[in-house]
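Just so you know, these numbers use all the heavy atoms, side chains as well, and skip hydrogens, waters and symmetry mates. One-based numbering along the sequence shown.
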Amino acid sequence: MAAVLPNTTSQAAIPPLARVLLQAGRITAQQVESLTKRVQAEKIAFIDALIQSGTIDSRSLAIFCSETFGYPVLDLSAFSMNTRPEDVIDAKLMQAQRVIALSKRGNKVFVGISDPTNNQALDQVKFQSELAVEPVIIDHATLQQIIEKFGQSAEQNLNDLIGDEMDFDFAEVDTTTGTPDAGATADIDDAPVVKFLQKILIDAINSGASDLHFEPFEKFYRIRLRIDGVLREVAQPPLAIKDKLASRIKVISKLDISEKRVPQDGRMKLVLSKTKAIDFRVSTLPTLFGEKIVMRILDPSQATLGIDALGYDPDQKELLLNAIERPYGMVLVTGPTGSGKTVSLYTCLNILNKPGINISTAEDPAEINLPGVNQVNVNDRAGLTFAAALKAFLRQDPDIIMVGEIRDLETADIAIKAAQTGHMVFSTLHTNDAPATLTRLMNMGVAPFNIASSVILITGQRLARRLCTCKQPTHIPDEALIEAGFKEEELDGTWQPYKPVGCERCSGSGYKGRVGIYQVMPISEEIERIILAHGTSLEIEAQSRAEGIRTLRESGLVKVKQGLTSLEEILGCTNA
């Protein structure tokens with residue numbers, strides 16, 4: 001016979017877990033009444049009050065729930081949390097509902113939970129993940145420890161980076177000069193929104209992110225980081241914070257906080273210490289539900305890593321260094337947005353940056369400050385275009401000129417004439433590979449003779465995710481390797497492909513950092529003849545391969561043989 005509750009406690013007020021325990025005779029009606037009152041008074045979950053009161057221990061409760069509801073019990077000590085899927089449910093839901101995604105198989109997600117009567121939690125996981133939910137019972141005390149660990153990880157990263165002696169603050173940056181403004185808004189540095197922004201920015205720097213996305217939607221506000229080329233959601237702050245956060249970012253970026261109808265571009269600086277500061281390029285965009293803000297992290301240390309850290313193979317490195325050491329000519333770096341072109345150019349400039357060399361750059365905008373280099377921000381509205389800056393450079397006795405991007409015929413013509421008249425010119429183009437760059441210039445209207453007589457080397461590049469140290473050897477059938485681009489003679493058993501696994505260091509992704517993949521193509525006499533004959537990119541590519549120039553795919557396969565990345569990653573970021 002089921003236990004009867006005292007009249008002071010209504011059946012509607014009894015939590016589902018309490019009702020199940022009561023009906024099974026595991027707790028008394030008086031205990032239910034006492035625990036229910038505590039839940040209402042302290043605003044805590046029933047399962048917390050149950051365990052804390054000592055009425056039943058968490059291990060016994062887990063076994064009871066498993067037997068009653070038919071769900072398996074999982075001992076987390078035998079389970080690797082590094083392999084759990086991080087993109088299924090966000091940290092906010094995990095902490096609010098005390099659930100954790102354990103694994104994903106097909107259209108199912110296995111969710112760890114200590115209270116299987118918490119249907120609201122399971123429904124929210126189903127809604128957010130768009131997957132069928134399979135509950136797994138976990139000891140409540142163990143589950144609490146795991147969730148607290150993941151909830152505190154961002155804060156711990158913050159403390160680890162800041163340390164005891166590091167002080168950090170925002171400095172406003174003049175978008176025309178790029179210098180910090182001494183009149184930073186220090187009077188509101190204690191505001192919660194400022195502290196939250198500081199934490200997010202430090203977290204982004206600590207995780208090696210390249211971009212931050214602040215995105216307002218109708219019913220939620222999302223913050224994502226681009227880490228190793230992949231966007232990951234890191235927070236969903238309250239929707240009410242969106243306008244305050246946008247205003248704070250716009251104030252320190254010297255943007256117009258009253259203008260929310262048009263896009264704006266600015267810049268800000270986060271001062272970590274007396275010797276360490278990180279610049280951020282800020283872009284705002286009006287959307288249906290508020291301003292989306294994207295911040296690009298500009299770390300000056302990236303330009304001083306050296307050419308060896310970029311991932312050039314020894315023969316490619318020699319070709320590039322020989323080209324940039326020449327007294328005049330044009331070197332072009334090509335690839336899609338986010339492929340590392342700017343870092344490659346800055347690395348070359350850093351090698352050439354000596355007291356006896358006059359270097360000028362025109363950029364939109366200047367991303368990294370290089371002492372000793374004259375950097376100019378292009379401003380189309382004020383009439384300072386790439387072409388206008390180049391014309392001015394030629395009257396400034398330059399040795400080396402860097403143009404952020406060749407976008408039109410006028411800029412291309414001036415840059416090529418500069419390369420023909422005794423200057424070394426660096427620039428970028430958005431093309432798929434090195435051979436396509438030459439036909440792109442011809443399509444712009446540049447005369448083939450001018451291209452052949454000025455361009456001395458072109459590099460095409462991509463960024464592939466680098467395997468973490470937790471990588472493991474894997475077997476790939478020879479047929480798949482040959483289809484990917486390997487030659488039969490390369491399958492000699494002297495090298496081993498690896499696959500991503502996932503650990504705490506790489507946050508379970510299996511990848512940590514990125515490595516460059518390059519196609520370095522010097523302009524030979526034969527390629528010059530093809531250009532002068534108005535040849536196509538296919539003819540140029542065939543000649544470059546005949547001269548031993550590796551394609552992007554072939555360079556990527558070299559990285560696979562070296563164990564630096566996986567075959568799947570190379571297939572995803574290069575064309576065959």
Exercise. Within the distance-only criterion (no hydrogens, no angle test), does the side chain of Asp228 pair as donor or acceptor with the backbone N or O of Gly513 below 3.5 angstrom?
Worked result: yes

Exercise. Rounded to the nearest 0.5 Å, how far does CZ of Phe426 lie from CG of Leu349?
Worked result: 6.0 Å

Exercise. Do Cys65 and Leu17 have side-chain heavy atoms sitting under 4.5 Å apart?
Worked result: yes

Exercise. Is there a donor-acceptor pair under 3.5 Å between the side chain of Gln461 and the backbone N or O of Ser339?
Worked result: yes

For this session: For residues Val111 and Pro135, determine if any side-chain heavy atom of one lies less than 4.5 Å from a side-chain heavy atom of the other.
Result: no

Exercise. Donor-acceptor pair, Asn379 side chain versus Leu384 backbone, under 3.5 Å?
Worked result: no

For this session: Calculate, to the nearest 0.5 Å, the distance between atoms CG and OG1 belonging to Leu61 and Thr55 respectively.
Result: 10.5 Å

Problem set entry | Rounded distance (nearest 0.5 Å) linking atom CD1 of Ile249 with atom CG of Leu201 | 7.0 Å

For this session: Report the C-alpha separation of Ile44 and Gln52 in whole Å, then their side-chain angles, then the decisive distance to 0.1 Å, and conclude whether the side-chain contact (heavy atoms from CB on, under 4.5 Å) test is met.
Result: CA-CA 11 Å; Ile44 60 175; Gln52 291 170 13; 4.3 Å; yes

Problem set entry | Leu74 vs Phe110 side-chain heavy atoms within contact, under 4.5 Å | no

Exercise. Can you tell if the side chain of Asn118 reaches within under 4.5 Å of the side chain of Gln120, non-hydrogen atoms only?
Worked result: yes

Exercise. Taking Arg224 as the fixed residue, which of Glu215, Glu233, His213 is the one that meets the side chain to side chain donor-acceptor pair (under 3.5 Å) rule?
Worked result: Glu215

For this session: May I have the step-by-step check of side-chain hydrogen bond (donor to acceptor under 3.5 Å, both in side chains) for His140 and Ser58, ending in yes or no?
Result: CA-CA 5 Å; His140 184 69; Ser58 59; over 6 Å; no

Exercise. Minimum heavy-atom separation for Thr474 to Tyr498, with atom names?
Worked result: CG2-C, 3.7 Å

For this session: Step by step, work out the side-chain contact (heavy atoms from CB on, under 4.5 Å) result for Lys341 and Glu405.
Result: CA-CA 10 Å; Lys341 300 187 299 294; Glu405 182 184 350; over 6 Å; no

For this session: Please name the residue in the list Thr565, Leu564, Ile570, Leu463 that meets the side chain to side chain contact (heavy atoms under 4.5 Å, CB included) test with Ile517.
Result: Ile570

For this session: Using side chain to side chain contact (heavy atoms under 4.5 Å, CB included) as the criterion, point out the one residue from Ile113, Val73, Leu102 that pairs with Ile138.
Result: Leu102

For this session: Report yes if the side chains of Arg38 and Ser53 come closer than 4.5 Å at any heavy-atom pair, otherwise no.
Result: yes

Problem set entry | Heavy-atom closest contact (Gly460 atom, Thr334 atom, distance) | CA-OG1, 3.3 Å

Problem set entry | Test: Lys242 cationic atom under 6.0 Å from Tyr221 six-membered ring centre, within 45° of axis | no

Seminar exercise, completed: On a heavy-atom basis, the closest approach of Phe280 and Leu270 is CE1-CB, 3.6 Å

For this session: Give the C-alpha distance, both sets of side-chain angles, the deciding distance and a yes or no for side-chain contact (heavy atoms from CB on, under 4.5 Å) between Tyr346 and Thr361.
Result: CA-CA 10 Å; Tyr346 277 120; Thr361 73; 5.7 Å; no

For this session: Check Ala464 against Cys573 and note the closest heavy-atom contact, atom names and distance.
Result: CB-SG, 4.0 Å

For this session: Take Phe196 and Ile200 through the side-chain contact (heavy atoms from CB on, under 4.5 Å) test and state the conclusion after the steps.
Result: CA-CA 6 Å; Phe196 175 76; Ile200 289 293; 3.8 Å; yes

Problem set entry | Val230 side chain near Arg465 side chain, heavy-atom distance below 4.5 Å | yes

Exercise. Side chain of Thr284, backbone of Ile293: donor and acceptor closer than 3.5 Å?
Worked result: no

For this session: Would you check if the side chain of Ser247 reaches a backbone N or O of Asp243 as a donor-acceptor pair within less than 3.5 Å?
Result: yes

For this session: Run the salt-bridge test on Glu291 and Lys250 with the 4.0 Å N-O cut-off and return the result as yes or no.
Result: yes

Exercise. How close do Ala49 and Leu35 get, heavy atom to heavy atom, and via which atoms?
Worked result: O-CD2, 3.5 Å

Problem set entry | Any side-chain heavy-atom pair of Gln144 and Asp48 under 4.5 Å | yes

Problem set entry | Nearest-0.5 Å distance, CE of residue Met402 to CD of residue Glu363 | 4.0 Å

Problem set entry | Pairwise side-chain contact, Asn432 with Arg462, heavy-atom cut-off 4.5 Å (strictly under) | yes

For this session: Could you tell me which non-hydrogen atom of Pro216 sits nearest to which non-hydrogen atom of Phe289, and how far apart they are?
Result: CB-O, 3.6 Å

For this session: Can you measure from CG (Leu467) to OG (Ser509) and round to the nearest 0.5 angstrom?
Result: 9.5 Å

For this session: Answer yes or no: does atom CZ of Phe69 have more than 12 heavy-atom neighbours from other residues, nucleotides or ligands under 6.0 Å?
Result: yes

Exercise. In terms of side-chain geometry, is the basic nitrogen of Asp279 or Arg267 positioned less than 4.0 Å from the acidic oxygen of its partner?
Worked result: yes

For this session: Mark yes or no for whether Glu259, through its side chain, and Arg261, through its backbone, hold a donor-acceptor pair below 3.5 Å.
Result: yes

Exercise. Which of these passes salt bridge (Lys or Arg N to Asp or Glu O under 4.0 Å) with Glu134: Lys108, Lys126, Arg105, Lys104?
Worked result: Lys108

Exercise. In Å, rounded to the nearest 0.5 Å, how long is the span from CG of Asp115 to CD1 of Ile137?
Worked result: 8.5 Å

Exercise. Counting N and O atoms only, with roles assigned by atom type, does the side chain of Gln264 sit under 3.5 Å from a partner on the main chain of Asp256, one being a donor and the other an acceptor?
Worked result: yes

